[in-house]
**Q** 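Attaching a single structure in structure tokens format; questions to follow.
Each chain gets a letter, A, B and so on, in the order the sequences are listed, and its residues count up from 1.
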There are 2 protein chains.
Amino acid sequence: MHQHIRVTAEAVVLRYSSKEGMMVLLTKRTIPPHIFKWGLPGGFVHNDEPLEACVHRELKDETGLRANYLEQMSTWGNPDRDPRGRVLCVAHLALIRHSASKIVLGAGTKESKWYPVRELPVTAFDHAEIVAAAIDHLRVRLHTEPLAFEMLDEKFPVSELEKLYEWVYDRSVDRRNFQKKINGLGLLAARPEKLKHPLQGRPAQLYSFNREKFLELKESGAPVEIFS
Amino acid sequence: MHQHIRVTAEAVVLRYSSKEGMMVLLTKRTIPPHIFKWGLPGGFVHNDEPLEACVHRELKDETGLRANYLEQMSTWGNPDRDPRGRVLCVAHLALIRHSASKIVLGAGTKESKWYPVRELPVTAFDHAEIVAAAIDHLRVRLHTEPLAFEMLDEKFPVSELEKLYEWVYDRSVDRRNFQKKINGLGLLAARPEKLKHPLQGRPAQLYSFNREKFLELKESGAPVEIFS
DNA sequence: GCAAAAGTGTTAAGGCTACACCCATGC
DNA sequence: GCATGGGTGTAGCCTTAACACTTTTGC
């Protein structure tokens, strides 16, 4: 018996802004199957290529983007998921800052677009399911892992972090309690500057993520709960 | 360019007893590479076979066992992990009750043994790493998912559940607070009978997991935290 | 009776929730 | 001034953590 299974590595690339919410990067397929439908960036893994390297390569080729954070999520292996035959998909979660998410047209560039996660177009294969799984995955990880900071700018107001959590957990959070909790952990470092030109209201203090402090807390053994 | 990647599905099969702690099922390799070292049960995926079906099949063939719970965990894809060439390993977590974990010799049976998770023998490939990842995975899941009950007998004393959690989180838990918390959730249903012939002390009340209640709580939207 | 494990209760501390109030900016 | 969003404080509640006593068994 000879095994014939092909493998792709694909990524659910997410960006967030309080203005537009969570958005996912999709590329329009130019070949069958599912031609003209929208799919996740990714492609067939080279024989000697690590899975994450494949994702980075395909993402670069197709959209010119560089993920700020990348982790493996789950493998989709249903025998019927691809009409061409057995194709395994190793799905990844990729995060990118909104400010670094502009799609660049280039050599291997396909038509790519950011779509609101809750308003997807017609998608190829099981990719809509994979996007949903990525959000579930994020929901689990954001309780204890500092992944939110991979999507925010280096300097951000607390309200931006809060709104990101509100989007992911789909519930409103008390602004004042959120700020107290997050400051109590000491994970945010105040920057000297304040937010310039707010659309309305008092300019917000800008913070950056204190990764050293986070690692210190984690090493100390106490479980770090960023958000409950 | 022609892709040539082979795919295996393997399982970290775990059983637990308060007497012996957490143990993992390993099979002795009978062919190179890593001949005579101990590896995870599993093998090459058939072309038209779902990943989980492959795990069940290999487990049955190699040890005669049937996993009580099976979920995909992570995919190990380092190009150098197998000297034979590119072999992807889709690792699964499998749980089995101690009372149903006796290895049965049969046709395709390899030499298999239960080993304490914290005292592994010399292992093949990256399988020791995968076992460690499975314990980490379990540590995350046990907070909110009722996987502990997949390893305990149908009827069990609360102390058995408590000790399982103590093993996984590697810390001692106050017996009385644990019982109150778990009873407060209403997830356990008292059975009419008590534990017969305890080695010492007062016979314990036996309980079984109330899955309906758990699903009800989960549906109600409130996040269910079984253990913190 | 004694040791060992199981069942039940109490109390204090800390975290979270729900609030009210003031501040800084644009218009 | 007024609207709007940002920063800080406080009181009550509820959960958790720490701990004492009683009960039921085997020997």
**Q** Tell me: CD of E193(B) to P of dT25(D), nearest whole Å?
**A** 15 Å
**Q** Could you check whether any side-chain N or O of Y16(A) sits under 3.5 Å from a backbone N or O of A148(A), counting only pairs where one atom can act as donor and the other as acceptor?
**A** no
**Q** What residues in residues 152-165 of chain A put a non-hydrogen atom under 4.0 Å from any atom of DNA chain C?
**A** none
**Q** For H92(A), check side-chain hydrogen bond (donor to acceptor under 3.5 Å, both in side chains) against everything at least two apart and list the hits.
**A** none
**Q** Partners of N177(B) by side-chain contact (heavy atoms from CB on, under 4.5 Å), sequence neighbours excluded?
**A** D174(B), K180(B)
**Q** With sequence neighbours left out, write down each residue that passes side-chain hydrogen bond (donor to acceptor under 3.5 Å, both in side chains) with R202(A), or none if nothing qualifies.
**A** none
**Q** Any donor-acceptor pair under 3.5 Å linking the side-chain atoms of S208(A) with those of E154(A)?
**A** no
**Q** If we ignore hydrogens and angles and just use 3.5 Å, is the side chain of R97(B) paired with the main-chain N or O of L152(B) as donor and acceptor?
**A** yes
**Q** Please give, in whole Å, the distance from dA17(D) P to F178(B) CZ?
**A** 12 Å
**Q** Can you name the side-chain hydrogen bond (donor to acceptor under 3.5 Å, both in side chains) partners of K113(A), sequence neighbours left out?
**A** none
**Q** With sequence neighbours excluded, what pairs up with E150(A) under the side-chain contact (heavy atoms from CB on, under 4.5 Å) test?
**A** N68(A), Y69(A), L95(A), R211(A)
**Q** Measure all distances between protein nitrogen or oxygen atoms and nitrogen or oxygen atoms of nucleotides 8-13 of chain D, and list the pairs falling under 3.5 Å.
**A**
from    : atom 1 : to      : atom 2 : distance (Å)
dT10(D) : O4     : K180(A) : NZ     : 2.7

**Q** Taking any atom under 4.0 angstrom from a heavy atom of chain A, which nucleotides of DNA chain C are the first and last to qualify, 5' to 3'?
**A** dC16(C) to dT25(C)
**Q** Which sits closer to the 5' end of DNA chain D, R202(A) or Q200(B), going by the nucleotide each is nearest to?
**A** R202(A)
**Q** Residues in side-chain hydrogen bond (donor to acceptor under 3.5 Å, both in side chains) with N78(A), at least two apart?
**A** none
**Q** Return each pair, listed once, that meets salt bridge (charged side-chain N to carboxylate O under 4.0 Å, His left out) where at least one residue sits in residues 65-75 of chain A; pairs must be two or more places apart or across chains.
**A** E71(A)-R141(A)
**Q** With S17(A), which residues qualify under side-chain contact (heavy atoms from CB on, under 4.5 Å), at least two apart?
**A** K19(A), E20(A), H98(A)
**Q** Parallel, tilted or perpendicular for W38(A) and Y115(A), by the 30°/60° rule?
**A** perpendicular
**Q** Does the plane of the ring in H143(B) sit parallel, tilted or perpendicular to the ring in F227(B)? Use 30° and 60° as the thresholds.
**A** parallel
**Q** What's the angle between the local helix axes at either end of the helix from dG1(C)-dC27(D) to dC27(C)-dG1(D), using five pairs per end and rounding to 10 degrees?
**A** 0°
